[in-house]
Amino acid sequence: MLIHEAFNETLKRYNISARALAQTAQVSESLVSQFRHGKKGVTDEVLDSLLQAMQKIAPGSRKYFCLLIAGEPIKLGVSEGEFKDISEDEIPELLIAIARRWRAGDNEVVQAS
């Protein structure tokens, strides 16, 4: 997979807009659009800025991008089957814990209260 293809797929997967990414990375929206569609390359420094901004907007997105580039299989850390025994009463608590983890970033473990 080409770098711009992995970049574009990551932006789509994490629902990151070119505008938000450009603002966060302090580059032009046009540059982001041209790069994601393979019309223009970027320097190593600009790519690094874009990946840092991507990670800031959507934690986990940089890792996803790198896995795509490396050709590694992408899988979720947990399977759907692990949740089959969760009761309807436990689902809201689990969703709240997930939301807190998402907001906290990649490295923090947040427990449901």
Side-chain angles (χ1 to χ4, degrees):
M1 176 174 282
L2 297 174
I3 291 175
H4 78 272
E5 293 171 335
F7 185 78
N8 192 38
E9 184 173 325
T10 303
L11 294 183
K12 287 179 181 178
R13 166 125 167 109
Y14 285 86
N15 199 27
I16 301 170
S17 72
R19 173 174 286 148
L21 186 62
Q23 289 175 346
T24 305
Q26 298 180 344
V27 298
S28 74
E29 193 174 335
S30 173
L31 180 133
V32 173
S33 179
Q34 289 177 352
F35 175 58
R36 77 184 292 186
H37 297 295
K39 295 180 181 178
K40 185 175 185 176
V42 295
T43 65
D44 293 344
E45 292 80 13
V46 170
L47 180 59
D48 185 54
S49 294
L50 291 170
L51 294 177
Q52 286 183 38
M54 180 189 294
Q55 181 68 15
K56 186 175 184 179
I57 294 168
S61 58
R62 182 173 48 195
K63 181 178 180 181
Y64 182 83
F65 169 81
C66 291
L67 289 171
L68 288 176
I69 293 298
E72 296 291 325
I74 307 228
K75 58 184 177 179
L76 295 174
V78 292
S79 69
E80 223 176 288
E82 293 179 57
F83 298 106
K84 68 181 179 181
D85 295 327
I86 293 177
S87 72
E88 285 188 33
D89 295 333
E90 294 172 310
I91 290 173
E93 188 174 333
L94 178 61
L95 291 173
I96 290 169
I98 291 169
R100 287 180 180 157
R101 171 64 194 264
W102 183 262
R103 278 185 268 150
D106 282 341
N107 300 321
E108 293 184 44
V109 175
V110 178
Q111 306 220 348
S113 50

Roughly how far, to the nearest 0.5 Å, is the OG1 atom of Thr10 from the CG atom of Asn15? 13.0 Å
Side chain to side chain, Arg62 and Lys56, heavy atoms closer than 4.5 Å: no
Nearest atoms (heavy-atom pairs only) where Met1 meets Ile69: O-CD1, 4.5 Å
Give a yes or no on this: more than 12 heavy atoms of other residues, nucleotides or ligands lie within 6.0 Å of atom CD1 of Ile3. no
Should Ile16 and Met54 count as side-chain neighbours, where that means a heavy-atom distance under 4.5 Å? yes
Give, for atom OG1 of Thr24 and atom CZ of Arg19, the distance between the pair rounded to the nearest 0.5 Å. 12.5 Å
For Leu21 against Ala53, the heavy-atom pair lying closest together: CD1-CB, 3.6 Å
Taking only residues two or more places apart in sequence, or in another chain, which ones meet Glu9 in a side chain to side chain donor-acceptor pair (under 3.5 Å)? Tyr64
Could you give the distance from NE2 (His4) to CZ (Arg36), rounded to the nearest 0.5 Å? 11.0 Å
Provide the closest heavy-atom pair for Ala25 versus Ser49 in the form atom of the first, atom of the second, distance. CB-O, 3.8 Å
Minimal non-hydrogen separation, Ser61 against Ala58, with atom names: OG-O, 2.7 Å
If I take atom CG from residue Leu68 and atom CZ from residue Arg13, how far apart are they, to the nearest 0.5 angstrom? 9.0 Å
Nearest heavy-atom neighbours spanning Gln55 and Lys63: OE1-N, 4.4 Å
Distance check, rounded to the nearest 0.5 Å: Leu11 atom CG versus Ser17 atom OG? 9.0 Å
Just say parallel, tilted or perpendicular for the rings of Phe7 and Phe35, cut-offs at 30° and 60°. tilted
